[in-house]
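In listed order, ligands and their atoms are each counted from 1. Since we're looking at a predicted model, the values are computed, not measured.
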Amino acid sequence: MKIRTAIYPGSFDPVTFGHLDIIDRASRIFDHLVVSVIVNSAKKHLFSVEARVAMLKTVLKGRKNISVESFEGLLVDYAKKKKTGIIIRGLRAISDLDYEFQIAAVNRTLSPGIETVFLMPRQRYTYLSSSVVRDIAHFKGDVSKLVPSHVVKAIAGLGK
Ligand code: ADP
């Protein structure tokens with residue numbers, strides 16, 4: 001039987017309950033899900049790529065059909081390397097659509113075999129983004145309803 005692998009790429013800076021909701025859904029649909037942290041040195045990040053990968057690994061520990069890694073360069077090249085054409089993206093609201101459609105169309109132009117699959121999180125996570133978490137963390141606010149407890153601790157440990 002052919003194993004169907006999908007890639008869920010993102011910044012995950014840091015991983016939130018919204019990302020985890022999408023990960024749950026995708027891992028139920030596909031045989032294997034690779035959660036991939038995009039290395040983008042042009043962006044300013046709260047956590048290093050290594051820290052983001054480590055956090056995802058801790059939070060997803062024991063999940064047999066999920067692996068976590070990072071990649072640099074074009075997503076279509078990375079997908080080829082992973083021998084899959086399936087990309088998972090989350091859609092929170094219509095406001096995500098413009099950007100996501102553009103990326104999906106570009107990826108399909110670069111590599112016609114690429115298929116982007118959009119998944120919707122449960123309603124309560126539609127407002128949630130890593131940038132909201134970073135903003136609250138900046139002012140030392142409570143993020144415990146937005147991210148897993150391991151991430152809450154990692155945020156508390158920043159700058160110490
Ligand atoms: P962000 O900084 O916007 O949280 P990422 O680059 O880490 O985003 O996002 C990776 C993917 O996960 C994107 O497709 C994004 O739309 C999706 N995503 C992010 N947060 C959520 C959420 N709360 N619910 C569903 N999808 C989400």
Between Tyr8 and ligand 1, which residue portion shows a heavy-atom distance shorter than 4.0 Å: side chain, backbone, both, or neither?
->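 The answer is the side chain of Tyr8.
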
Taking non-hydrogen atoms only, is Glu100 closer than 4.0 angstrom to ligand 1 via side chain, backbone, both or neither?
-> side chain

For a 4.5 angstrom cut-off between non-hydrogen side-chain atoms, does [X] reach [Y]?
X      : Y     : value
Tyr99  : Arg89 : yes
Met120 : Arg92 : no
Ile38  : Phe71 : yes
Tyr8   : His19 : yes
Ser130 : Pro14 : yes
Phe30  : Asn65 : no

[X]: numbered ligand 1 atoms lying under 4.0 Å from its heavy atoms:
X      : result
Gly10  : 6 (O), 10 (C)
Leu128 : 20 (N), 21 (C), 22 (C), 23 (N)
Phe12  : 7 (O)
Ser129 : 4 (O)
Pro9   : 10 (C)
Tyr125 : 22 (C), 23 (N), 24 (N)

Considering both backbone and side-chain atoms of [X], is one of its nitrogen or oxygen atoms within less than 3.5 Å of a nitrogen or oxygen in ligand 1?
X      : result
Ile22  : no
Ser130 : yes
Arg89  : yes
His19  : yes
Thr126 : no
Leu91  : no
Pro121 : no

Provide, to 0.1 Å, the distance between [atom] and the closest protein heavy atom, together with that atom's residue and name.
atom                    : result
atom 6 (O) of ligand 1  : Ser11 N, 3.1 Å
atom 16 (O) of ligand 1 : Gly90 O, 2.8 Å
atom 21 (C) of ligand 1 : Arg92 CD, 3.6 Å

Between Arg63 and Lys57, is there a donor-acceptor pair closer than 3.5 Å when you use the side chain of the first and the backbone of the second?
->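 Side chain of Arg63 to backbone of Lys57, a donor-acceptor pair under 3.5 Å: no, none is there.
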
Sub-3.5 Å donor-acceptor pair from the side chain of Asp96 to the main-chain atoms of Leu91, do we have one?
->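 A pair under 3.5 Å: no.
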
If you measure from the Lys or Arg side-chain nitrogens to the Asp or Glu carboxylate oxygens, is any gap between Asp13 and Lys44 under 4.0 Å?
-> no

Within a radius of less than 6.0 Å around CZ of Arg25, do more than 12 heavy atoms belonging to other residues, nucleotides or ligands occur?
-> yes

In Å and rounded to the nearest 0.5 Å, what is the CG to OH distance from Leu146 to Tyr127?
-> 5.0 Å

